[in-house]
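Structure first, then comments.
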Amino acid sequence: MSEEKSLNFLEEIIENDLAEGKNNGRVHTRFPPEPNGYLHIGHATSICLNFGLAKKYNGKCNLRFDDTNPVTEETEYVESIKEDIKWLGFQWDNEFYASDYFDKLFAFAVTLIKKGLAYVDDSTAEEIAATKGSTVTPGIESPYRNRSIEENLRLFEEMRAGKYKDGEKTLRARIDMTHPNLLMRDPLMYRIKNEHHHRTGDKWCIYPMYDFAHGQSDSIEEITHSICTLEFIHHRPLYNWFIEQLGIFPSHQYEFARRNLTYTVMSKRKLLQLVNENHVSGWNDPRMPTISGMRRRGYPAEALRQFSDTIGIAKRENIVDIGLLEFCVREHLNKTSNRVMVVLDPVKLVITNYPEAQEDIFEAENNPEDPNGGTRKVPFSRELWIEREDFMENPPKKFFRLGPGNLVRLKSAYIVKCEGCKKDEQGNVTEVHCSYIPESKSGHDTSGLNVKGTIHWVSVPHAKTAEVRMYDRLFKVEDPSNEEGNFKDYINPDSMHVLPAVYIEPELAKAIAGERVQFMRKGYFCVDTESTPDKLIFNRTVTLKDAWAKEQKKG
RNA sequence: AGUUCGAUGGUGUAACGGUAGCAUCACAGACUCUGACUCUGUUUGUCUAGGUUCGAAUCCUAGUCGAACUACCA
């Protein structure tokens, strides 16, 4: 019996609408990005919401690019957005562009002019701002507000025909300059931009403002539930006003609070800065909170969807702990990724009683969480690489790894007993010496020994190498946008640490780009897109939880 | 200051007048050929003050705190 999961507030609205027979039981949502940047994890939430709701209620979801500003928009962004949505596991029912509606929007504008509800204004941007008023003072009506319908019609046609320069004239809605909602004080509908548009080319030199395009675009597509973030709540009365005056399909807008994440920034403006100023390698840098960055980092789409589902949706301010995202990533990766042995910070282990010419080939389980995960062959010899941190000459009480006299299991191989180490003049350990117990062979252990610690290793003569990029949080503080000064002052200088040549078990050399594995006891890693068979590159997706590190911190 | 929205453990989210629940985090323990995973247990919360009611996180009033709005951006 499955637990009845409680509905979020949008699902409640939809179920009420359905119960009342609104829109003939139709549910139609849309995801409306502006193609001026790459999608980030916040968009992922919105995508999961819009596509998820459509799916849940047997409805449809459009992808619509809100491309009303030719200056900032590019085809590159359109392509990346489509790729990200598909990768997340969603397919849109229709692909539309606000620019598809430029003719209709122009006609809407003409309709409003004819109703005396829009006028051409010759005021400059500064004049319009100055007469806007404020939250406590009313605005002042433009001297051009009462032009005749005929004159407005003529001037608007002239605007379209290219008779005027950028900024010389605008088309404004004629609403109420004393309205408490600043957006209702004769908002701009059209502005002149003699710019080439990524889709309409040079057909237009006037472009509708977002506010004059968005609501009507939803209406044209007969979107039943227009879901957006909270900051558009003040725009809703304006969208409704346009829809009512035009007498077109009444889409209804609902707002939710955007999700913020700790240790990162989410605004496109800030992300663009990180890219342009080379704080990161690009929009898909694995440290970026973009969908493409997370994909490259190795975050599975399932984890992003799970995360979106877990954090839910509401209308209150929030900042979600990035640990929650990392939990979702680990949870999925734990079930799906193969285990391999990689030594990141090596020191040599010599098994003094193991013959020099000898080697063993062990059969190691790929994934203990997956019964069908299969096995792989791992070669073993007298000399192995192990992690430097897995040996201590004077270990503390709860240290379960190698120290003089200690017994430790070499994963998938033998139990060894530590006999000491070799050091250089500076006192650095150069070799750890052990003896192995032949009866303790993995899978055929008759030694009767029970050891507390297990460590990973790579056979020295068989080892291959790879570059590993150890990623950490991009920022040092939880909420960089809310700190004193510039958010860039809080960039974590150690957000990427490159290990040029770590030792990997030979089987791993076959890994291909995008492949995700668990480096045993170290974390989840993913083969980077820049990786080649000659030069393997791994990105650290996320660490494993580390109870020992925590124990040490306690001191 | 005005308008609008909001306030439940550290974080996120439920409870729709009737036992404050879930996830994560933290802590303790069990298990372990990954100090992972898994399992068990524990701590921590209704912004404040009044009111209505047998009963209030929920309804009412007042206050407090937070956010958004004053781009020819979206």
Side-chain angles (χ1 to χ4, degrees), chain A residues 3 5-8 12 32-34 36-37 66-69 71-73 121 123-125 128-129 132-137 139 166-172 179-183 185 188-193 206-207 209-211 213-214 229-237 255 257 259 262 268-269 307 309-328 330-331 334-335 339 341 364-365 368-369 398-401 408-413 415 440 442-443 445 451-456 478 518-523 543-551:
Chain A
E3 290 260 320
K5 208 193 166 203
S6 57
L7 303 178
N8 65 45
E12 273 181 26
E34 185 197 8
N36 70 343
D66 272 335
D67 54 352
T68 54
N69 186 353
V71 180
T72 55
E73 293 150 9
D121 195 339
S123 306
T124 64
I128 289 175
K132 186 100 186 173
S134 73
T135 51
V136 283
T137 55
D166 285 13
E168 210 175 326
K169 283 182 165 41
T170 58
L171 184 72
R172 289 229 259 170
H179 202 286
N181 182 343
L182 289 298
L183 290 163
R185 322 244 260 226
L188 262 57
M189 292 161 58
Y190 268 90
R191 77 287 215 195
I192 298 168
K193 273 183 194 286
I206 57 171
Y207 291 94
M209 298 290 292
Y210 174 84
D211 276 350
H214 187 81
T229 46
L230 233 36
E231 68 265 30
F232 291 103
I233 198 162
H234 302 95
H235 300 241
R236 191 173 67 210
E255 307 86 7
R259 321 313 309 208
T262 55
K268 272 197 233 174
R269 208 195 85 247
F307 173 67
D309 203 48
T310 302
I311 61 177
I313 202 71
K315 296 181 83 162
R316 68 184 83 104
E317 284 298 308
N318 63 80
I319 178 158
V320 184
D321 190 338
I322 197 161
L324 207 46
L325 210 205
E326 291 173 343
F327 170 82
C328 295
R330 288 192 189 101
E331 190 182 40
N334 175 48
K335 286 183 277 200
R339 275 59 172 169
M341 292 198 283
E365 200 181 10
E369 304 287 324
K398 287 192 204 161
F399 189 75
F400 306 144
R401 309 174 188 178
V408 154
R409 160 76 63 184
L410 295 172
K411 177 70 189 175
S412 301
I415 292 174
S440 67
S442 187
D445 189 346
V451 297
K452 190 91 178 152
T454 300
I455 64 170
H456 61 279
E478 278 202 354
Q518 184 197 93
F519 289 3
M520 281 218 140
R521 305 205 302 137
K522 284 291 149 194
T543 60
L544 253 30
K545 282 217 279 185
D546 191 345
W548 171 241
K550 206 182 280 177
E551 180 72 29

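Chain letters run A, B, ... following the sequence lines, proteins first, then strands; residues in each count from 1.
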Answer with yes or no whether [X] presents, from its side chain, a donor or acceptor under 3.5 Å of a partner atom in the base of [N].
X      : N      : result
A:R521 : B:rG35 : no
A:Q518 : B:rU34 : yes
A:S412 : B:rC33 : no

Between the protein and nucleotides 43-47 of chain B, list every N/O to N/O distance that falls short of 3.5 Å.
none

Checking all strands, does [X] fall into the base, sugar-phosphate, or nothing category for heavy-atom contacts under 4.0 angstrom?
X      : answer
A:R259 : sugar-phosphate
A:P368 : base
A:F232 : base
A:K193 : sugar-phosphate

Looking only at side-chain N and O atoms, does A:H179 offer a donor or acceptor that is under 3.5 Å from a partner on A:R185? no
Any side-chain N or O of A:R191 less than 4.0 Å from the OP1 or OP2 oxygen of B:rA74?
yes
TODO: Examine B:rC72: is either OP1 or OP2 under 4.0 Å from a nitrogen or oxygen in the side chain of A:T124? Give yes or no.
DONE: no
Rounded to whole Å, the CZ-C1' distance (A:R269 to B:rA71) equals 13 Å
Rounded to whole Å, NZ of A:K522 lies from P of B:rG35 at a distance of 10 Å
I want to verify a distance call: between [options], whose nearest atom is closest to the [X] side chain?
X      : options                : value
A:M209 : B:rC73, B:rU32, B:rG35 : B:rC73
A:V136 : B:rA1, B:rA14, B:rU13  : B:rA1
A:A129 : B:rA71, B:rA14, B:rG35 : B:rA71

Those residues at least two apart in sequence (or on a different chain) that pass ring pair (Phe, Tyr, Trp, His ring centres under 6.0 Å) with A:Y207 are A:F102, A:H197
task = Could you tell me whether a side-chain N or O of A:R409 sits under 3.5 Å from a main-chain N or O of A:S440, the two making a donor and an acceptor?
result = yes
Say whether, by atom type as modelled, one donor and one acceptor occur between the side chain of A:R330 and the main chain of A:T543 under 3.5 angstrom. yes
Item to complete: For residues A:W548 and A:R401, determine if any side-chain heavy atom of one lies less than 4.5 Å from a side-chain heavy atom of the other.
Response: yes
Given Watson-Crick and G-U pairs under 3.5 Å, RNA chain B in dot-bracket ([ ] crossing, | other strand) is .((((((..((((....[..)))).(((((.......)))))....(((((..]....))))))))))).....
Readout for nucleotides 4-9 of chain B: B = base within 4.0 Å of protein heavy atom, S = sugar-phosphate only, - = neither; 5' to 3' it is BSSSB-
(message) Run the salt bridge (charged side-chain N to carboxylate O under 4.0 Å, His left out) test on A:K193 and A:D166 for me, step by step, so that the C-alpha distance in whole Å, both residues' side-chain angles and the decisive distance to 0.1 Å come before the verdict.
(response) CA-CA 5 Å; A:K193 273 183 194 286; A:D166 285 13; over 6 Å; no
Write down the protein N/O and nucleotide N/O pairs, taken from nucleotides 18-26 of chain B, whose separation is under 3.5 Å; answer none if there are no such pairs.
| unit_1 | atom_1 | unit_2 | atom_2 | d |
| --- | --- | --- | --- | --- |
| B:rA26 | OP1 | A:K550 | NZ | 3.1 |

Residues 317-328 of chain A vs salt bridge (Lys or Arg N to Asp or Glu O under 4.0 Å), sequence neighbours excluded, gives A:E326-A:R473
